[in-house]
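Below is one structure, written out as structure tokens, with a few remarks after it.
Atoms within a ligand are numbered from 1 in the order they appear, just like the ligands themselves.
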Amino acid sequence: MFDRIAQSVAYQKLNLDTTVSVTIKRLDQIHPQISGNKFFKLKYNFLEAQKQGVNKVLTFGGAYSNHIAATAYAAHLFGFKSVGIIRGEELASKALNPTLATAQQFGMQLHFVSRQQYREKTSPVFLEQLQQHYPEHYRIPEGGTNPLAIQGCKEILTVEDRQNYDVICCAVGTGGTMTGIIEASSAHQKVLGFSALKGDFLQRDIQQWTTKKNWQMTDAYCCGGYAKTTPALLQFIQSFENQHHLPLEQVYTAKMMYGLMDLIGQNHFPAGSRILVIHTGGLQGRHIDADRS
Ligand SMILES: *Cc1c(COP(=O)(O)O)cnc(C)c1O
């Protein structure tokens, strides 16, 4: 299933008046509800669960989480049961937003917890409680990043991708996707990550997962932090979408593209550079509202 998906991804070359070329790898087209990169992150986790003889998964996320949407759908495909521990107790009594409604349609059981409790999501005590409540569930961390996720993200790059491009760009949340891409990249390539969050802790995370050095990450375009926006970013999205007929969302991919276009404008890349941009999807979350974070 996952293998078939990875092979049908389209490439779109941007029509730009620059000395560099920019090609978009459209992982967003894998599925309307599923972030392209999330599929790669989930693949080996589901295979591992199957190997362990488990057919239930449990994971964590916010009300607009692309990871929740993707996990629900993957569970549906694999014939798994799924549980989503969702941040925000108050949501239990409200109509479900499109992300959660779709997750539920794909069979995910939604378990709402308070923001305070959600913060405990990695504490041994809380995990033990969950374990008792949901025995025999394969647990996937928030955002889905673990060694098996990184293994899956190595498959984002094909042999041609490793040969035909000098620079590979991606959006960064936890860094799992970028690490997989770094691990799969060839030595002559540079992997450039655009963080959706403020802070340099992500640099250290990635350094723990890979020993390769052909990468760089910036948070200069995070627009104030996770899920935050600026008028300039929103305006960029509109003009970019009008010009290139390519959808972006404001949490991840727009910040990456905003940053990349800024760097190109500054002549950051040598003339002739061939840049591959990984469109990681996330478009299901475009109905995002102010309640997000
Ligand atoms: C989750 C997500 C990312 C970030 O992936 P990480 O592996 O957590 O860094 C990037 N883009 C989109 C659209 C996402 O949904």
Side-chain angles (χ1 to χ4, degrees), residues 9 24-45 59-74 99 102-103 140-157 168-184 191-210 215-219 221-223 225-227 229 233 237 246-260 277-288 292-293:
V9 173
I24 318 285
K25 184 160 189 169
R26 300 286 309 268
L27 299 189
D28 59 300
Q29 291 178 336
I30 285 176
H31 185 274
Q33 298 297 332
I34 310 303
S35 275
N37 67 328
K38 298 301 189 286
F39 250 35
F40 292 91
K41 295 178 83 167
L42 289 169
K43 173 179 172 180
Y44 288 106
N45 278 292
T59 195
F60 308 82
Y64 295 90
S65 166
N66 295 326
H67 167 66
I68 286 290
T71 305
Y73 183 69
T99 300
T102 307
I140 301 174
E142 183 190 44
T145 290
N146 59 16
L148 291 173
I150 292 170
Q151 186 187 339
C153 288
K154 287 163 75 169
E155 297 176 5
I156 289 174
L157 294 188
I168 301 164
C169 297
C170 67
V172 179
T174 62
T177 303
M178 181 172 178
T179 303
I181 291 171
I182 294 168
E183 287 287 284
V191 181
L192 190 51
F194 294 88
S195 179
L197 298 71
K198 212 199 290 247
D200 54 12
F201 63 96
L202 276 171
Q203 307 264 2
R204 290 193 294 275
D205 285 352
I206 291 180
Q207 277 160 10
Q208 281 176 2
W209 291 322
T210 182
W215 60 276
Q216 224 177 343
M217 182 163 42
T218 175
D219 69 355
Y221 304 97
C222 76
C223 299
Y226 184 69
T229 62
L233 179 72
I237 295 175
L246 187 121
L248 300 173
E249 47 66 55
Q250 66 211 45
V251 180
Y252 293 105
T253 50
K255 291 178 181 180
M256 164 188 65
M257 200 58 81
Y258 184 47
L260 176 62
V277 173
I278 308 299
H279 192 315
T280 38
L283 299 168
Q284 70 81 27
R286 282 216 285 184
H287 54 268
I288 187 170
R292 165 142 195 153
S293 45

Exercise for review: Report, in ascending order of atom number, the atoms of ligand 1 lying under 4.0 Å from any heavy atom of T174.
Suggested key: 6 (P), 7 (O), 8 (O), 9 (O)

Check your understanding: Does at least one non-hydrogen atom of G143 fall below 4.0 angstrom from an atom of ligand 1?
Key -> no

Exercise for review: Find out whether I140 and H67 are in side-chain contact, i.e. whether some heavy atom of one side chain is under 4.5 Å from a heavy atom of the other.
Suggested key: yes

Exercise for review: Please determine, by modelled atom types, if Q284 and T99 share a side-chain donor-acceptor pair under 3.5 angstrom.
Suggested key: yes

Point to revise | G282 neighbourhood, listing ligand 1 atoms whose heavy-atom distance to it stays under 4.0 Å | key: 13 (C)

Practice item. Starting at CD1 of I168, measure out to CH2 of W215 and round the result to the nearest 0.5 Å. Key: 14.5 Å

Check your understanding: Should the pair K25 and F40 be classed as cation-pi, given the thresholds of under 6.0 Å to the six-membered ring centre and 45° from the axis?
Key -> no

Exercise for review: Could you say whether the N/O atoms of N66 and ligand 1 ever approach to under 3.5 Å?
Suggested key: yes

Practice item. Measure the OG1-CG distance between T174 and N146 for me, rounded to the nearest 0.5 Å. Key: 9.5 Å

Check your understanding: Of all the atoms in ligand 1, which lie at a distance below 4.0 Å from a heavy atom belonging to V172?
Key -> 9 (O)

Review point. For M256 and I278, which heavy atoms make the closest approach, and how far apart are they?
Key: CE-O, 3.6 Å

**Study point:** Region of K41 that comes within reach of ligand 1 [heavy atoms, distance under 4.0 Å]
**Key:** side chain

Point to revise | Exercise: do Y64 and E249 side chains pair donor with acceptor under 3.5 Å | key: no

Practice item. Please determine, by modelled atom types, if E183 and T210 share a side-chain donor-acceptor pair under 3.5 angstrom. Key: yes

Revision key, fill the gap. Logged contact type for T280 with ligand 1, heavy-atom cut-off 4.0 Å, is both

Review point. Applying a 4.0 Å heavy-atom criterion (strictly less than), which segment of K38 is in contact with ligand 1: side chain, backbone, both, or neither?
Key: side chain

Review point. Could an N or O of ligand 1 be found under 3.5 Å from any N or O of G173, whether backbone or side chain?
Key: yes

Practice item. Could you tell me whether some N/O pair between G175 and ligand 1 is separated by less than 3.5 angstrom? Key: yes

Study note, to complete from the structure: heavy-atom search around atom 5 (O) of ligand 1 in the protein gives N37 ND2, 3.1 Å

